[in-house]
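To start, the structure under review is shown below, and the notes come after it.
Every chain is numbered from 1 and lettered A, B, ... according to where its sequence line falls, protein lines coming before strand lines. Since the model is a prediction, treat every value here as computed from it, not as a measurement.
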Protein chains: 2
Amino acid sequence: MEAFKQYLIDELEMSAADAELFLSGFDIVEYKKGDFLLQEGQSCSKVRFILKGCARGFKLVDGKEISTNFYFEYDHTYDYVNYLQQQPAEISIQALDHIQAIELSKEAIEFLNSEIIGFHRMSFQMFKMNYLKTEKERQGFIIRSPKERYLDLLKNNKQIISRVPQHQVASFIGISAEHLSRIRREILKA
Amino acid sequence: MEAFKQYLIDELEMSAADAELFLSGFDIVEYKKGDFLLQEGQSCSKVRFILKGCARGFKLVDGKEISTNFYFEYDHTYDYVNYLQQQPAEISIQALDHIQAIELSKEAIEFLNSEIIGFHRMSFQMFKMNYLKTEKERQGFIIRSPKERYLDLLKNNKQIISRVPQHQVASFIGISAEHLSRIRREILKA
DNA sequence: CCCATTTCTTGACAATTATCAATGAAATTC
DNA sequence: GAATTTCATTGATAATTGTCAAGAAATGGG
């Protein structure tokens with residue numbers, strides 16, 4: 001919790017007082033490995049900040065689970081796309097680990113928005129960081145080969161590789177599990 | 001100009017007065033087809049709203065130009081990624097048409113931010129729309145086949161297909177020009 | 001500690017997609 | 001409107017990547 005507060009102050013540029021206010025009064029919820037934080041088709045009315053653990057967002061396509069997102073400490077785990085549009089979620093989010101998280105309802109968010117001067121700024125900041133990440137990844141699909149995308153994760157997103165099962169990483173970068181395995185062999189040999 | 005004002009009011013939820021204020025006092029700049037609005041490596045200090053015409057963002061990869069973005073009326077043409085981070089642009093932006101645009105310096109933006117109550121809200125709104133589009137496209141690379149990505153453009157982004165040379169569309173969806181040509185043939189036959 | 005399950009790797013083969021080269025069509029420029 | 005240049009299509013071939021099936025390795029639960 002203390003570490004999360006520091007994150008709010010350092011990365012999201014909140015004041016110490018605001019961060020304090022933000023954290024007071026929220027319950028910590030827990031999820032066991034395998035639990036769903038959100039199911040495809042549900043409407044997504046809660047925002048959760050992960051304090052400990054990680055999760056994956058995925059979608060069922062032709063009977064296969066395809067990972068579209070991963071969430072780690074301090075990330076917020078919801079289907080942004082549909083939360084923002086208030087439509088049923090297009091992805092499911094499932095705990096990969098035991099997860100500790102802070103849970104905020106939409107109402108709580110609105111409340112914070114009006115009570116905490118810096119809150120809107122924080123949302124924007126968070127949003128900006130997400131946007132940059134997403135745009136870079138999108139461009140990665142256009143510009144880079146699968147192998148290069150994997151090497152990029154290795155360099156800039158080590159967490160994903162060390163904490164997520166490999167076949168899920170594979171779908172995240174848009175290739176089959178077998179192909180990723182071969183890419184890894186190639187890298188090791190070189 | 002009038003149409004752009006209406007866009008600000010309807011889509012970006014500005015008040016009529018704010019939209020008026022926003023539009024007053026900005027020069028319209030023009031670019032000829034082929035002109036660069038931004039060059040890879042430059043720092044990106046201006047935001048431009050296109051009033052008329054369209055542009056493409058691209059990157060040189062192994063001597064080939066790969067299109068990463070397209071911009072049409074009311075879009076803002078800059079390299080978000082690097083504008084937000086204040087780093088040299090990673091893409092070039094070139095006029096595909098004759099372009100009329102409104103040009104805002106970073107200072108002008110800051111000024112508007114402080115003077116116009118609704119401006120920050122507008123930025124956020126614009127940002128949100130961009131984010132949603134980007135995230136959907138990113139997921140498209142994970143979930144959809146090239147053919148499906150093309151059909152998706154056809155359905156939801158007709159402008160790109162009707163106003164942009166086909167080989168540039170091809171790189172945008174991550175495939176070669178020849179392959180796109182074959183996909184089109186397939187679709188026509190079916 | 002063992003069993004069951006999940007995850008990772010490998011091989012053989014098939015499907016997809018890229019590349020190269022050539023041609024014709026369309027658009028631009030002078 | 002002739003000449004250039006850009007753009008789109010096509011075929012042949014090669015490279016990349018996916019699929020299916022099997023087995024090995026790792027992991028987790030009782």
Side-chain angles (χ1 to χ4, degrees), chain A residues 31-35 53-56 58 61-67 70 94-99 140-151 153-154 160-190, chain B residues 31-36 53-56 58 60-67 70 94-99 140-151 153-154 160-190:
Chain A
Y31 296 89
K32 287 198 296 292
K33 179 170 175 173
D35 284 356
C54 60
R56 76 192 239 260
F58 69 93
V61 182
D62 302 329
K64 275 180 205 159
E65 297 181 352
I66 305 213
S67 301
F70 298 113
Q94 189 180 31
L96 287 174
D97 260 340
H98 187 85
I99 286 184
F141 279 104
I142 299 180
I143 290 166
R144 285 196 259 275
S145 68
K147 184 174 175 178
E148 288 168 333
R149 293 200 291 277
Y150 181 76
L151 287 171
L153 283 191
L154 214 49
I160 291 184
I161 289 174
S162 55
R163 300 176 66 182
V164 173
Q166 193 173 300
H167 63 280
Q168 289 173 14
V169 175
S171 65
F172 182 71
I173 58 176
I175 63 177
S176 69
E178 293 91 336
H179 190 50
L180 178 54
S181 174
R182 290 179 180 116
I183 285 175
R184 277 163 46 86
R185 183 174 53 183
E186 246 184 79
I187 293 172
L188 285 178
K189 269 197 314 209
Chain B
Y31 297 88
K32 286 200 294 293
K33 179 170 176 173
D35 283 357
F36 283 87
C54 59
R56 76 192 239 259
F58 68 93
L60 267 176
V61 182
D62 303 328
K64 276 182 205 158
E65 297 181 351
I66 305 214
S67 302
F70 298 113
Q94 188 179 32
L96 286 173
D97 260 341
H98 187 84
I99 285 184
F141 279 104
I142 299 180
I143 290 166
R144 284 197 260 275
S145 68
K147 183 174 176 178
E148 289 168 331
R149 293 201 291 277
Y150 180 75
L151 287 171
L153 283 190
L154 214 48
I160 291 184
I161 290 174
S162 54
R163 301 177 66 182
V164 173
Q166 195 172 300
H167 63 281
Q168 289 174 14
V169 175
S171 65
F172 182 71
I173 58 177
I175 62 176
S176 70
E178 294 91 334
H179 190 49
L180 178 53
S181 173
R182 289 177 181 116
I183 285 175
R184 277 164 46 85
R185 184 173 51 183
E186 247 185 78
I187 293 173
L188 285 178
K189 269 198 312 209

Nearest-Å distance for atom pair NE2/P, residues A:H179 and C:dT17: 13 Å
Atom-to-atom span, CZ of A:F172 to P of C:dT7 - whole angstrom: 18 Å
For atom CZ of A:R144 and atom P of D:dT16, their distance in whole Å: 18 Å
Below 4.0 Å: OP1/OP2 of C:dT6 and any side-chain N or O of A:H167: no
Residue met sooner reading DNA chain C from 5', once B:L180 and B:K33 are mapped to nucleotides: B:L180
B:R184 vs D:dA8: side-chain N/O to OP1/OP2 distance below 4.0 Å: no
OP1 or OP2 of D:dT6 under 4.0 Å from side-chain N/O of B:Q168: no
Contact nearer the 5' end of DNA chain C, comparing B:S176 with A:P165: A:P165
Protein-nucleotide distance (A:Y150, atom OH; D:dT16, atom C1'), rounded to Å: 19 Å
Base C:dC8 to side chain A:E178, donor-acceptor N/O within 3.5 Å cut-off: no
Any donor-acceptor pair under 3.5 Å from A:S171 side chain to A:S67 backbone: yes
side-chain N/O A:R149 vs D:dT17 OP1/OP2, d < 4.0 Å: no
B:Q166 vs D:dT9: side-chain N/O to OP1/OP2 distance below 4.0 Å: yes
A:E65 CD to C:dT6 P, straight-line distance once rounded to whole Å: 11 Å
Any B:R182 side-chain N or O less than 4.0 Å from OP1/OP2 of C:dT19: no
Positive for side-chain hydrogen bond (donor to acceptor under 3.5 Å, both in side chains) with A:E65, one of A:Q168, A:H167, A:R56: A:R56
d(CG, B:L188; P, D:dA8) in whole Å: 14 Å
Exercise: identify the closest heavy-atom pair between A:S181 and A:Q166: CA-NE2, 3.8 Å
A:Y150 OH to A:I175 CD1 distance, which is reported to the nearest 0.5 Å: 9.5 Å
Under 3.5 Å donor-acceptor, B:E148 side chain and B:S145 backbone: yes
Between P of D:dT16 and CD1 of B:I175, the distance in whole Å: 18 Å
Sugar-phosphate, base or nothing in reach of B:G34, heavy atoms under 4.0 Å: nothing
Nucleotide D:dG18, atom P - distance to CG of A:D62 in whole Å: 14 Å
